[in-house]
Amino acid sequence: MSNNIIITFPDGSTKSLKKGVSGFELANQISKSLAKEAVAIKIDGKICDLSLPLNNDCKVVIIKKENDEALDIIRHDCAHVMAEAVQSLYPGTQVTIGPSIENGFYYDFARKEPFTIADLPKIEKKMHEIINKGEQFTREVWSRDEAIKFFKDKGEEYKVELIEDLNADEEITIYKQGEWLDLCRGPHMMSTKQIGKGFKLMKVAGAYWRGDSNNAMLTRIYGTAWRNEKELESHLLQIEEAEKRDHRKLGKEMDLFHFQEEAPGAVFWHPKGWRLFQSLISYMRERQDKAGYVETNTPDMMDKSLWETSGHWDKFSEMMFRTEAKDEKIYAIKPMNCPGAVEIFKQGLKSYRDLPFLLSEFGKVHRYEPSGALHGLMRVRAFTQDDAHIFCTEDQITEESKTVCDLILSIYKDFGFDNVRIKFSDRPEKRVGDDAVWDKAEAALKQAMETTGLEYTLNPGEGAFYGPKLEFVLRDAIGRDWQCGTLQVDLNLPGRLGATYIAEDGQKKTPVMLHRALFGSLERFTGILIEHYAGHLPFWLSPLQIVVATITSDSDNYAFEVKDQLTKNGLVVEADIRNEKIGYKIREHSNAKVPVILAVGKKEADEQTVSVRRLGSQQTSTIKLDELIKDLKKESLSPIN
RNA sequence: GCCGCGUUAGCUCAUUUGGUAGAGCAGUUGAUUUGUAAUCAUCAGGUGGUCAGUUCGAUUCCGACACGCGGCACCA
C-alpha cells in the first residue's frame, strides 16, 4: 500500500498510482492524446516538468499546450533553444539570462561583436534544426561548487555571477537539451520538438547586464513564440495593425504635426494638429472650471535660485535647459510648474478658509530628456501639462485626492478609456524631507485610496523626490497600457518654498500641496488618442470635420453655400471644388480621416440636400441640409454637454 | 546617455564588384465636367543628412557629427 500514492484531479476524481510515476506517464495512462498535448504538470499549484516523479499524494493539473500557462513554458524553451543555436554558431559567446516575456522571449548574450538583424535568419534556421532533432529536456540538480566550477571552466562569467548570488539554500538546477545545458529554474517541456514552428526572431537590441547602466552592455535577441504557426501569423498581423495606427505615421498623413532636427523632441504643430490640441485644452479647461479650479500662468524662465530652493536643481539640473541674458543671472527654463504655483499661492496672506485652493495651469515645460528616450509625441523635450496644484490642510488630503480620482476616471471615460489601473508609488531612495513626513504623506494617500474603494498596485520606490504618487494607467483600443495621469502628495515643497496659511488657531502653518495632471502631457495624450482611435477621431475632436465635395463645377456655388451654413453653425468645414472625379475626392479625404464627406451635385443643389458619407462606411444617404446641420451640431458637442 | 540599424525628389521607395541616380503618388500645365476609395497626357523635381578622408573618380568604401528607428537605461 505504501507503494501507492493518491492523485487528485481538478474535477475531484482520484486515482491510486504507483509511487514515482511521472506526470507524463500519468497523462499517458489517461489518454494518448492528452500525453501528446501535455507540456507540464501543476503539482499542488506549482508548475513542474512532466518528467518529475510523483512521490506523494497530491493534486495535479495536466497543463496542455492550449492552456494559458503553456505559453510561458513554450517561450522559455524557445529561449533555451535560441541560446544553444547562438553558442553553436558563434563560439565564445556567453549566455546570461533569457526569460519568457509578453508575446515571446529574449536572451541576453555577451559577445565582443554585437549581433545584427542580419544574423537572425541563420540563428532561426539553426533553431529549427535543434527543434527537429527533438532533444530531450532533462533536469539535474548540481552542487553549488560543481556548478560554479563548470561555468568558470567554460568561461561563462555571467552564469558564475548568477550562481554566486543565489541564496545558499536554493537548489541549483541545470536543464540539458542534448549536449547543451543552462542554469535554469525550469520547468521545460519534454522535448524541443514540442516547440514546433510557431516562433520567429524579431529584433536585436542592446541591454545592460542586470538592467544597470553602469554595467556592461549585452546584446539581446528578442523572439516571439506561440503554440503554432497560425497563432504566430495572427500575432504578426496584430503588429502590422498596430503599426498602421502609429501616430507618427498618421500625424503625417493627417497633416497634424512634424519634427525636424533643429528642434529634437519639440513639436511643430500644423493647423489641424493645433486645433485638436486646443480642443483638448478647451475640454479640460471646462472640466476643471466646473470642478472649482482657477487657472493661472507662470513664467517660463525663473532664476536658478528658485530651483535650488525647491530641490529640483539638485536632482535634475543635468536635465534642465538653462539660459542667460546680459545680467549675471542664470535662468532655468521651467521643467515643472509647481514652484510657480507656490509663488502665486504665497501672494497675500492665506487663511485656512481659502483652502483647499485649486490652481490650474496649462504650463509648457522643457526637459532635456536623454536622446535615446525621444519617441514621436510620446516622449518629447517640450510639452504642455494640464497641471494643477491643490493647496490644502493635512485633513483635506483624503477628500481632495478622492475628488481628483473621480475627476480623472470620469474624464478618461469621455475618451473611451474604461479600463484604468492605478499604481501607488512610494518613497524613492533619493528624496527630500524627513521619514516622518513621508510616513504621513504615504498614509494619507493610502487612506484616500481606501476611501475611493479603487484598486491599486504597489510600485515600491517609484515616488517623486518630494512625495508619494498615484499613477493612472489606461488601456487603449488594442490593449496597450499608457501611463497618463498622476496625483502626488507633497509635504515638502511648500515648506521649502515658504508657503504658509493662517490656521484656525491663528498660527502660521505650512499647507500640503497636491500635484496632479490628468492628461499628463497634452502632446503625449494627443498621440495616444491618435493611436487609440487609429486616426478616426470622434467628431467633436476632429480638426477637420466635414468636406463638401462637388461632383461637377456646376455645383460650386451650392458647395460654398453648404460650407458657409455649416461654418456659421460652428463646424469645421472645407469645400473641395477641384476638377477631379468624386471617387478621387472621396479617397483622398477618407485617407485624411475626415469624418464626414458631403457630395453635392445638381440633384442636391436642386433639392437643398446633401449626400452624406461617413468615414469607415461605404454607405451614403441623402438628407436635407437643415436636418444635417441639426444632427452634426449635436454631434460636435463635447461629452461634457 | 548606451548597443545595433538607418538617412536617396514634398511623400513612399528602387539603383551590389566605386564611373555624378530612377519609379509611383503629390506638384505644374493642358485636356476632360466626371455620382461615392486613384481620368488621361505634359513638364518640372535631387550638392544622395552634414563634414571630413581614401580614390583619377564616392550615393556606393572608411571616419566624425546630426537626426531618426528598435531596444536598454532614464522619466520631477
Side-chain angles (χ1 to χ4, degrees), chain A residues 106 108 111 113-119 202-222 246 248-249 252-253 255 258-265 307 310-320 334-339 365 367-376 378-379 381 385 428 430-432 462-467 469 471 483 486 488 490 493 515 517 520-521 549-556 577-591 597-604 611-613 615 617-622:
Chain A
Y106 67 77
D108 285 349
R111 180 173 183 243
E113 183 94 348
F115 295 107
T116 73
I117 36 165
D119 297 316
M202 304 296 282
K203 51 198 173 193
V204 295
Y208 296 108
W209 168 234
R210 299 200 148 170
D212 185 334
S213 57
N214 296 312
N215 289 343
M217 176 67 67
L218 307 171
T219 158
R220 174 175 297 180
I221 302 180
Y222 282 97
D246 192 313
R248 293 166 299 188
K249 182 173 173 287
K252 201 179 271 177
E253 287 171 11
D255 192 18
H258 83 271
F259 290 90
Q260 64 188 49
E261 63 181 85
E262 289 82 354
W307 303 100
S310 72
H312 289 94
W313 196 263
D314 191 33
K315 190 162 194 297
F316 290 111
S317 65
E318 290 285 290
M319 291 176 71
M320 284 163 73
K334 68 175 174 183
M336 286 199 79
N337 302 303
C338 36
V365 297
R367 300 177 181 176
Y368 190 82
E369 301 286 356
S371 58
L374 303 180
H375 181 95
M378 301 306 188
R379 190 81 182 270
R381 285 184 175 154
Q385 292 179 313
K430 195 168 178 189
R431 56 180 183 260
V432 296
E462 298 293 320
F465 73 88
Y466 46 71
K469 63 180 178 186
E471 277 152 354
Q483 190 171 307
T486 176
Q488 303 163 5
D490 182 357
L493 285 191
H515 307 238
S521 148
T550 49
I551 306 286
T552 74
S553 54
D554 290 341
S555 323
D556 287 0
I577 60 159
R578 289 176 303 170
N579 179 9
E580 296 289 352
K581 288 189 172 177
I582 190 67
Y584 179 90
K585 297 182 183 180
I586 296 282
R587 176 182 160 79
E588 195 165 272
H589 299 120
S590 297
N591 283 337
I597 300 172
L598 304 178
V600 294
K602 190 167 182 314
K603 204 173 73 189
E604 287 80 8
S611 165
V612 187
R613 181 182 166 123
L615 183 60
S617 161
Q618 314 269 56
Q619 309 257 303
T620 60
S621 60
T622 302

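So you know, we letter chains A, B, ... as the sequences are listed, proteins then strands, and number each from 1. On a predicted model such as this, the values are computed, not experimentally measured, just so you know.
Whole-Å rounding puts the A/Glu580 CD to B/A31 P distance at 14 Å. Distance A/Asp108 CG to B/G4 P: 15 Å, rounded to the nearest Å. Atom CZ in A/Arg248 sits about 14 Å away from atom C1' in B/G6, given to the nearest Å. The distance from atom CD1 of A/Ile582 to atom P of B/A37 is 9 Å, rounded to the nearest whole Å. The distance between atom CG of A/Leu374 and atom C1' of B/A66, rounded to the nearest whole Å, is 13 Å. Whole-Å rounding puts the A/Asn591 CG to B/A37 C1' distance at 7 Å. Remark: P of B/U36 and CG of A/Leu615 are 18 Å apart, rounded to the nearest angstrom. Taking atom CD1 on A/Ile551 and atom C1' on B/U33, their separation rounds to 11 Å, with Å as the unit.
If you check every strand for non-hydrogen atoms under 4.0 Å, A/Arg210 touches nothing. When heavy atoms are screened at a 4.0 angstrom cut-off, A/Asp554 is found touching no nucleic acid atom at all. Contact annotation for A/Thr116: backbone-only contact, meaning every heavy-atom pair under 4.0 Å involves sugar-phosphate atoms and none involves a base.
Considering every non-hydrogen atom in both A/Ser611 and A/Thr620, the closest pair reads OG-CB, 3.9 Å.
Here the separation of B/C62 from B/A52, taken at their C1' atoms, is 11 Å to the nearest Å. Nucleotides B/U12 and B/A26, compared at atom C1', are 11 Å apart to the nearest Å. One C1' atom belongs to B/A64, the other to B/U28, and the distance between them is 41 Å to the nearest Å. Nucleotides B/C67 and B/G24 are separated by 27 Å at their C1' atoms, to the nearest Å. Rounded to the nearest Å, the gap between the P atom of B/U54 and that of B/C11 is 33 Å. Rounded to a whole angstrom, the distance from the P atom of B/A66 to that of B/G27 is 37 Å. Rounded to the nearest Å, the gap between the P atom of B/U59 and that of B/C51 is 12 Å. Distance check on atom P: B/G63 versus B/U47 gives 26 Å, rounded to whole Å.
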side-chain contact (heavy atoms from CB on, under 4.5 Å) evaluation trace for A/Tyr368 with A/Glu318: CA-CA 8 Å; A/Tyr368 190 82; A/Glu318 290 285 290; over 6 Å; no
Please evaluate residues A/Leu598 and A/Glu604 with respect to the criterion side-chain contact (heavy atoms from CB on, under 4.5 Å), reporting the C-alpha separation (whole Å), side-chain torsions for both, the decisive distance (0.1 Å), and the verdict. CA-CA 10 Å; A/Leu598 304 178; A/Glu604 287 80 8; over 6 Å; no
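If you check the side chains of A/Thr486 and A/Gln488, you find a donor sitting under 3.5 Å from an acceptor.
Checked against B/U36, B/C67, B/A38, the side chain of A/Ala599 finds its nearest nucleotide in B/U36. Distances were taken from every side-chain heavy atom of A/Pro264 (C-beta onward) to each of B/G27, B/G1, B/G68; the shortest belongs to B/G68. For A/Gln618, the listed nucleotide lying nearest its side chain is B/A37; candidates were B/G4, B/G35, B/A37.
One donor-acceptor pair, N or O on each side, does fall under 3.5 Å between the base of B/U33 and the side chain of A/Ser553.
Dashed line: the shortest gap from a side-chain N or O of A/Arg111 to OP1 or OP2 of B/C3 is not under 4.0 Å. OP1 or OP2 of B/A26 has at least one side-chain nitrogen or oxygen of A/Tyr584 nearer than 4.0 Å. A sub-4.0 Å separation between OP1 or OP2 of B/U39 and a side-chain N or O of A/Arg587 is absent.
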How does protein reach along nucleotides 71-76 of chain B, written 5' to 3' as B (base within reach of a heavy atom under 4.0 Å), S (only sugar-phosphate), or - (no contact)? BBBBBB
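Under the 90° criterion around 0 for the glycosidic angle, B/G68 counts as anti.
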Protein-nucleotides 11-14 of chain B N/O pairs under 3.5 Å:
unit_1 : atom_1 : unit_2   : atom_2 : d
B/U12  : OP1    : A/Lys252 : NZ     : 3.0

Using a 3.5 Å limit on both pairing distances, list the dot-bracket string of RNA chain B from the 5' end; Watson-Crick and G-U wobble pairs count, crossing pairs take [ ], interstrand pairs take |. (((((((..((((.....[..)))).(.(((.......))).).....(((.(..]....).))))))))))....
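Ionic pairing of A/Asp246 and A/Arg248 is present here: one or more N-O contacts between side-chain nitrogen and carboxylate oxygen are shorter than 4.0 angstrom.
Annotation: side chain of A/Glu253 is not in contact with side chain of A/Asn591 (no heavy-atom distance under 4.5 Å). In this structure the side chain of A/Met319 reaches within 4.5 angstrom of the side chain of A/Pro370, judged on heavy atoms. Between A/Met336 and A/Phe316 there is no side-chain heavy-atom pair separated by less than 4.5 Å.
Applying the side-chain hydrogen bond (donor to acceptor under 3.5 Å, both in side chains) criterion to A/Tyr222, with sequence neighbours excluded, gives A/Arg220. Residues that satisfy the side-chain hydrogen bond (donor to acceptor under 3.5 Å, both in side chains) test with A/Lys315, not counting sequence neighbours, are absent from this structure. For A/Asp490, the salt bridge (charged side-chain N to carboxylate O under 4.0 Å, His left out) criterion is met by no residue, not counting sequence neighbours.
In this structure, A/Phe115 and A/Ile586 both approach RNA chain B, and ranking their closest nucleotides by distance from the 5' end singles out A/Phe115.
Ring planes of A/Phe465 and A/His312: perpendicular class, angle over 60° (limits at 30 and 60°).
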